[in-house]
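Please read the structure below before turning to the comments.
In what follows, every chain begins at residue 1, and chains take the letters A, B, ... in the order their sequences are listed. Hydrogens, waters and symmetry mates are skipped; everything else that's a heavy atom, side chains included, is used.
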2 protein chains.
Amino acid sequence: MKGDLYKCLNNANRRKILYCIGEEEKCVNEIAECLDIEQSLTSHHLKDMLDCGLIEKRREGKRFYYKVSESEIIEILEKGKDLGDKLEERC
Amino acid sequence: MKGDLYKCLNNANRRKILYCIGEEEKCVNEIAECLDIEQSLTSHHLKDMLDCGLIEKRREGKRFYYKVSESEIIEILEKGKDLGDKLEERC
DNA sequence: CACTTATATAAATCTCCTTTCATATGAAAG
DNA sequence: CTTTCATATGAAAGGAGATTTATATAAGTG
């Protein structure tokens, strides 16, 4: 397993991807469009997250659908967001 | 506020520091010794975490004591650890 | 006041990450 | 079987982050 959880979370595009496929699986182009980034960049990020087990991939014809593998990750993102907001208030 | 929560969490030394001062405040040298890293490096990491509001600093004579500012951060670390372990099992 | 202890900081270096660009692969459609 | 669509991959460029080394500051001690 390459890469780790925290590395995956330390990038806004990857976090957006997680939110984007958190509710329902999406294919690469849908994700790229959702984040308004290049397909290539999307694929790179998906690979990283796949490598660390955070997401899963399923083929359907020429498309690949991705989804979050453990829904806990969304909870962690929410907790992180809450804490981030709280820390901002301190400044 | 420089740096963000996820950046702070994306480094093993910084995570160790959080665990190290999570229970009780410690001064810089204690932290450096606890992690077995240089004082200088410790200070750098402490500054980053201070900048993002994750920890707090208190002076006592020539020493500075650091502690975690929001105990939630430890919960997030625990959740992250659990999820990390779970993801490892998949591979 | 000189010395020591505790911490901070700045510069330099090295490593790692992100993004872009070009290209490859592979399925489906005509 | 050529073209198109969907995705993956590799290399290169640029930037950000981690660590080390050397030095500064500031408090406490004799």
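The salt bridge (Lys or Arg N to Asp or Glu O under 4.0 Å) analysis of residues 12-21 of chain A, with sequence neighbours excluded, yields the pairs A:R14-A:D48. Annotation: side chain to side chain donor-acceptor pair (under 3.5 Å) contacts involving residues 18-29 of chain B, sequence neighbours excluded, comprise B:E25-B:R58.
Annotation: proximity of residues 36-45 of chain A to DNA chain D (heavy atom, distance under 4.0 Å) is found for A:Q39, A:S40, A:S43, A:H44, numbered in ascending order. Within residues 16-30 of chain B, the residues having any heavy atom under 4.0 Å from DNA chain C are, by residue number, B:C27, B:V28, B:N29.
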Donor-acceptor contacts under 3.5 Å from residues 34-42 of chain A side chains, at least two apart:
from	atom 1	to	atom 2	distance (Å)
A:Q39	NE2	A:S43	OG	3.1
A:T42	OG1	A:E38	O	2.8

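Under the side chain to side chain donor-acceptor pair (under 3.5 Å) criterion, B:E30 pairs with no residue, sequence neighbours left out. By the salt bridge (Lys or Arg N to Asp or Glu O under 4.0 Å) test, B:K81 is found to be paired with B:D85, residues two or more places apart in sequence or in another chain being considered. Applying the side chain to side chain contact (heavy atoms under 4.5 Å, CB included) rule to B:Y66 yields the partners B:I21, B:V28, B:I31, B:L46, B:L50, B:I55, B:K57, B:F64; only residues at least two apart in sequence or on another chain are considered. Scanning for salt bridge (Lys or Arg N to Asp or Glu O under 4.0 Å) contacts around B:E33 gives an empty result, with sequence neighbours left out. Not counting sequence neighbours, the partners of B:K86 by the side chain to side chain donor-acceptor pair (under 3.5 Å) test are A:E72. With sequence neighbours excluded, no residue forms a side chain to side chain donor-acceptor pair (under 3.5 Å) with A:K67.
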Strictly under 3.5 Å: I want the nitrogen or oxygen pairs between protein and nucleotides 26-30 of chain C, one per line.
none

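When heavy atoms are screened at a 4.0 angstrom cut-off, A:Y65 is found touching no nucleic acid atom at all.
In this structure, C:dG30 forms a base pair with D:dC1, meeting either the Watson-Crick or the G-U wobble geometry with both donor-acceptor distances under 3.5 Å.
Nearest to the side-chain atoms of A:N13 among the listed nucleotides D:dA8, C:dA8, C:dT19 stands C:dT19.
Between A:Y66 and D:dA8 there is a side-chain polar atom (N or O) within less than 4.0 angstrom of OP1 or OP2. Regarding contacts with the backbone of D:dA18, a side-chain N or O of B:N11 is found under 4.0 angstrom from either OP1 or OP2.
For the pair A:L18/A:V68, a side-chain contact is recorded, criterion being any heavy-atom separation below 4.5 Å from C-beta on.
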